[in-house]
Amino acid sequence: MARPISALLAGALVCATALLATNEPALAWGTKGHTMINRLAAASLPSRLPAFMRTAAAADELAFLGPEEDALKGSGRAWDAQYDPGHYLDVLDDGTIAGALKLGALPETREAYDTALRAAGSDQYKTGYLPYAILDGWEQLRMDFAYWRVDAYRATHDASAARRRRAASDRAIEEHLILRDAGVWGHFVGDASQPLHVTVHFNGWGEYPNPKGYSTSRDIHAFFESTFVNRYAQERAVAGLMAAPAPRQSAALATQEEALGAIESYLQATNATVTQLYSIDKTGGFVRATPQAVTFCDARLAAGAAELRDLTAWAWDDSINESVGYPAQPVRTILNATH
């Protein structure tokens with residue numbers, strides 16, 4: 001089904017590479033970690049998703065696109081300033097962002113988020129807007145799937161041979177778009193499983209109360225997510241730590257509040273592991289590659305892969321509740337039509 005121009009414009013890619021508040025480049029999980037997260041998510045997608053999503057070629061493409069948004073860093077000052085903050089969220093120890101918003105009660109839109117932060121003397125570019133990078137990409141993927149459902153149906157059910165051919169052509173294009181959008185978006189979901197991307201203590205504890213004497217070294221970020229992952233993370237071990245699928249099917253279109261709430265819970269779970277990471281670091285666990293350190297790293301990668309799998313499946317399930325085209329038509333109505 002050909003998309004209206006407004007939908008195509010709205011489908012622009014969501015975000016890109018993170019430069020942390022110190023203006024140092026951050027490649028969350030590095031190439032190996034992001035590739036692994038996307039590949040394991042692709043390999044574990046439920047069988048109810050379209051077959052084109054579950055081929056070996058699709059898994060290769062999704063894995064390749066995992067690090068894409070980090071590869072684009074340095075595209076230009078305007079691009080970097082706009083998109084880099086989409087890779088992180090600076091959460092304070094009290095669970096707030098800039099002391100103004102609770103992680104578990106964020107506004108439904110990025111505009112409202114930025115407005116609230118500016119009222120508190122900050123903004124989305126200082127604190128990061130990772131939750132909205134994930135939400136935007138999820139909504140986009142859901143709409144991609146909705147168009148694919150219509151294309152797939154009309155390619156075999158439309159009474160007109162010409163319209164069937166057009167629908168089949170549109171469906172093929174949609175499949176390319178879906179793999180691209182899902183793969184690139186997977187980067188941000190993966191970022192959100194890295195503890196140092198969901199805390200103000202993103203590269204050493206920093207100038208905050210530090211009664212337990214955690215390291216203030218500015219080398220911890222890159223060492224953990226790249227050096228350590230490259231040396232010790234193993235795909236089989238990570239796969240073994242992935243949680244069971246958590247389907248979220250409903251007869252009604254998911255609200256922004258529901259989708260953002262699921263994302264907030266995921267980010268809160270990651271933030272809860274920050275002190276564990278610093279405790280392992282304090283005892284030299286990452287330097288010595290202790291079993292605890294390796295398991296911690298594998299578990300964080302597994303959390304990213306499982307969340308990406310589940311959010312992708314939810315986007316597919318919920319796409320049946322979407323409406324497409326202009327004027328908008330419910331997908332269910334189109335699929336139930338007779339020709």
Side-chain angles (χ1 to χ4, degrees), residues 7 9-21 26 28 34 37 68-70 72-73 78-92 95-144 181-200 202 248 253-271 303-304 307-308 310-312 314-315 318 322:
L9 292 175
L13 291 178
V14 188
C15 303
T17 314
L19 290 180
L20 297 177
H34 277 297
I37 286 172
E68 176 70 4
E69 291 301 281
D70 280 341
L72 293 175
K73 72 181 182 70
W79 192 95
D80 292 343
Q82 174 64 23
Y83 295 114
D84 289 347
H87 293 244
Y88 63 87
L89 182 68
D90 285 346
V91 182
L92 292 165
T96 70
I97 296 88
L101 296 167
K102 292 288 291 185
L103 176 53
L106 296 176
E108 289 189 7
T109 68
R110 187 174 148 194
E111 179 184 16
Y113 170 74
D114 187 59
T115 298
L117 290 175
R118 288 180 185 276
S122 188
D123 60 54
Q124 61 180 316
Y125 301 105
K126 296 174 184 175
T127 64
Y129 57 85
L130 177 57
Y132 300 95
I134 298 174
L135 178 61
D136 290 353
W138 182 81
E139 291 180 340
Q140 179 172 317
L141 182 60
R142 178 177 63 181
M143 184 62 81
D144 283 344
D181 290 350
V184 171
W185 166 68
H187 182 96
F188 302 104
V189 180
D191 278 349
S193 71
Q194 212 282 50
L196 299 177
H197 273 246
V198 192
T199 177
V200 292
F202 52 80
R248 301 180 180 95
L253 188 70
T255 65
Q256 275 195 303
E257 183 179 10
E258 290 171 330
L260 185 57
I263 293 165
E264 288 173 337
S265 294
Y266 172 47
L267 291 167
Q268 286 174 317
T270 299
N271 176 258
E307 189 71 14
L308 180 55
D310 292 347
L311 287 176
T312 301
W314 190 19
D318 205 37
E322 264 288 6

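Just the heavy atoms: all of them, side chains too, but no hydrogens, waters or symmetry mates, feed the values below. Start at 1 with the first residue, then count along the sequence.
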Please identify each residue that fulfils ring-ring contact (aromatic ring centres under 6.0 Å, His included) with Y266, with sequence neighbours left out. none
Scanning both residues in full, the closest heavy-atom pair of P107 with A112 reads CB-CB, 3.6 Å
Nearest heavy atoms of A254 and W314, plus distance in Å: CB-CZ2, 3.7 Å
Nearest heavy-atom approach of K126 to S122 is CB-OG, 3.7 Å
Find out whether V200 and V91 are in side-chain contact, i.e. whether some heavy atom of one side chain is under 4.5 Å from a heavy atom of the other. no
Geometric class of the H187/H34 ring pair [parallel <30°, tilted 30-60°, perpendicular >60°]: parallel
The criterion is side chain to side chain contact (heavy atoms under 4.5 Å, CB included); which residues satisfy it with S265, sequence neighbours excluded? Q268
Whether the side chain of E322 engages the backbone of R142 through a donor-acceptor N/O pair (distance < 3.5 Å, no angle test) should be reported. no
Under 3.5 Å side-chain donor-acceptor pair for T127 and Y88: no
Would you check if there is a donor-acceptor pair between the side chains of Y125 and Q82 at a distance under 3.5 Å? yes
Taken to the nearest 0.5 Å, the spacing of T109 OG1 from Y132 OH works out to 6.5 Å
Kindly indicate, with the supporting measurements, whether the criterion side-chain contact (heavy atoms from CB on, under 4.5 Å) is fulfilled by D318 and L253. CA-CA 6 Å; D318 205 37; L253 188 70; 3.5 Å; yes
Not counting sequence neighbours, which residues clear salt bridge (charged side-chain N to carboxylate O under 4.0 Å, His left out) with R118? List them please. D114
Straight-line distance of Q124 CD to I97 CD1, nearest 0.5 Å: 13.0 Å
Which heavy atom of E108 sits nearest a heavy atom of Q256, and at what distance? O-NE2, 3.6 Å
Quick check: closest heavy atoms across G128 and L89, and the distance to 0.1 Å? O-CD1, 3.5 Å
Going by heavy atoms in the side chains, are R248 and E258 under 4.5 Å from each other? no
Are any of the side-chain heavy atoms of P131 and L260 separated by less than 4.5 Å? yes
Just by modelled atom types, is the L196 backbone N or O under 3.5 Å from a matching donor or acceptor in the T199 side chain? no
Roughly how far, to the nearest 0.5 Å, is CG of L135 from OH of Y129? 13.0 Å
For a quick test of reading the model, state the closest non-hydrogen atom pair linking T270 to V198 and the distance between them. CG2-CG2, 3.9 Å
So how far is it from F202 CZ to D90 CG, rounded to the nearest 0.5 Å? 6.0 Å
Look at atom CD of E111 and say whether more than 12 heavy atoms of other residues, nucleotides or ligands are closer to it than 6.0 Å. no
Quick check: do I134 and L130 have side-chain heavy atoms less than 4.5 Å from each other? yes
Measuring from atom CH2 of W185 to atom CG of L311, what distance do you get when rounded to the nearest 0.5 angstrom? 4.5 Å
Report the distance from atom CG of L92 to atom CG of L101, rounding to the nearest 0.5 Å. 11.0 Å
Would you please test V189 and I37 for side-chain contact (heavy atoms from CB on, under 4.5 Å) and show each step? CA-CA 9 Å; V189 180; I37 286 172; over 6 Å; no
